[in-house]
Amino acid sequence: MEVTKTRRRNRDEKIEQKDQQTGKHLAMAKVLEVAFWGTIIWGVIRLLAHFLHLTPYGLGAFARPLMGVEENSMAGMGLGAILLFIESLVATFLFSMLFSRQRVWWSGLLFGLVMLMIAGFFFRIGNWNLDTLSSEAAWFLSFGLFVGMTLTLEESDDIQ
């Protein structure tokens, strides 16, 4: 009788450990998925905004520190898309580590505002005109809201 209880307890502990490992794996998979789709959707939005002259910063602007090619060339846009994915992955991972357990919808807006301030520092936000500022603010706030609401909802679903 005691042997059966011990076996059952060991089996339950193994199942619980496997579930915890699967949960971590799914969380990292969700971070990767959100970063991928954020790159696709907001990369297209960035290209459209640049094409419509709403902002002077196209997709190639993300690759400015590493560029040896023209920003608006295909190589510049490709390198910018790759770096946008890397930046999205880092931003999504940071949000998931810092804010995903909080159940407030506006945490993504705050995160987008922080990303805008960081980008504004590197792109000299003080020299932007009102049109550029409003376009960039809309882009960063909507991206932060996408990341925030997606990861918060995923965490909320996992808890329930």
Side-chain angles (χ1 to χ4, degrees), residues 20-125 127-160:
Q20 288 175 351
Q21 290 173 350
T22 304
K24 289 178 183 177
H25 178 67
L26 288 176
M28 294 311 291
K30 184 51 102 173
V31 166
L32 187 63
E33 181 183 357
V34 170
F36 175 76
W37 286 111
T39 301
I40 298 294
I41 295 168
W42 272 264
V44 169
I45 291 171
R46 167 102 22 213
L47 285 173
L48 285 172
H50 183 67
F51 177 75
L52 296 173
H53 300 289
L54 298 174
T55 181
Y57 305 111
L59 195 55
F62 290 100
R64 276 189 180 176
L66 303 176
M67 297 259 301
V69 294
E70 186 178 329
E71 186 176 306
N72 292 327
S73 68
M74 290 301 285
M77 286 189 281
L79 185 59
I82 291 169
L83 286 174
L84 175 60
F85 174 72
I86 292 169
E87 291 171 9
S88 297
L89 188 62
V90 169
T92 305
F93 180 74
L94 283 174
F95 185 89
S96 71
M97 297 306 292
L98 298 175
F99 300 115
S100 66
R101 295 195 187 273
Q102 298 176 359
R103 289 184 167 184
V104 290
W105 66 269
W106 46 266
S107 62
L109 285 175
L110 291 177
F111 190 67
L113 185 64
V114 169
M115 288 190 308
L116 174 66
M117 292 300 129
I118 291 170
F121 174 75
F122 288 110
F123 288 101
R124 296 187 181 112
I125 197 170
N127 296 335
W128 291 354
N129 60 17
L130 187 58
D131 298 337
T132 303
L133 182 61
S134 62
S135 296
E136 293 298 317
W139 191 87
F140 278 103
L141 290 175
S142 65
F143 180 74
L145 196 58
F146 167 74
V147 169
M149 291 187 80
T150 304
L151 292 178
T152 301
L153 181 62
E154 185 67 26
E155 182 69 27
S156 177
D157 285 347
D158 287 345
I159 290 172
Q160 295 176 357

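A quick note: this is a predicted structure, and the numbers were derived from the prediction, not measured.
Applying the side-chain hydrogen bond (donor to acceptor under 3.5 Å, both in side chains) criterion to Asn127, with sequence neighbours excluded, gives no partner residue. In this structure, the side chain to side chain contact (heavy atoms under 4.5 Å, CB included) partners of Ile82, at least two apart in sequence or on a different chain, are Ile86. Shown here are the salt bridge (Lys or Arg N to Asp or Glu O under 4.0 Å) partners of Glu136, two or more places apart in sequence or in another chain: Arg46. Every residue meeting the side chain to side chain contact (heavy atoms under 4.5 Å, CB included) condition with Ala35, not counting sequence neighbours, appears here in chain and number order: Phe85, Ser88, Leu89, Thr92. For Trp42, the side-chain hydrogen bond (donor to acceptor under 3.5 Å, both in side chains) partners at least two apart in sequence or on another chain are Ser142.
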Test Val31 against Phe95 for side chain to side chain contact (heavy atoms under 4.5 Å, CB included), laying out the working first. CA-CA 9 Å; Val31 166; Phe95 185 89; over 6 Å; no
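Heavy-atom minimum distance, Met77 versus Leu59: O-CD2, 3.8 Å.
One finds the NE2 atom of His53 at 13.0 Å from the CG atom of Asp131 (value rounded to the nearest 0.5 Å). Remark: Phe140 CZ to Leu145 CG distance equals 14.5 Å, nearest 0.5 Å. Note that the CE atom of Met97 and the CG atom of Leu94 stand 9.0 Å from one another [nearest 0.5 Å]. Separation of atoms CG (Asn129) and OG (Ser135) is listed at 8.5 Å; rounding is to 0.5 Å.
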Identify each donor-acceptor pair in which a side-chain atom of residues 107-119 lies under 3.5 Å from a protein atom, sequence neighbours left out, and give them as a table.
residue	atom	partner	partner atom	Å
Ser107	OG	Val104	O	3.1

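Ring orientation note: the planes of Trp139 and Phe143 are close to parallel, at an angle under 30° on the 30°/60° scale.
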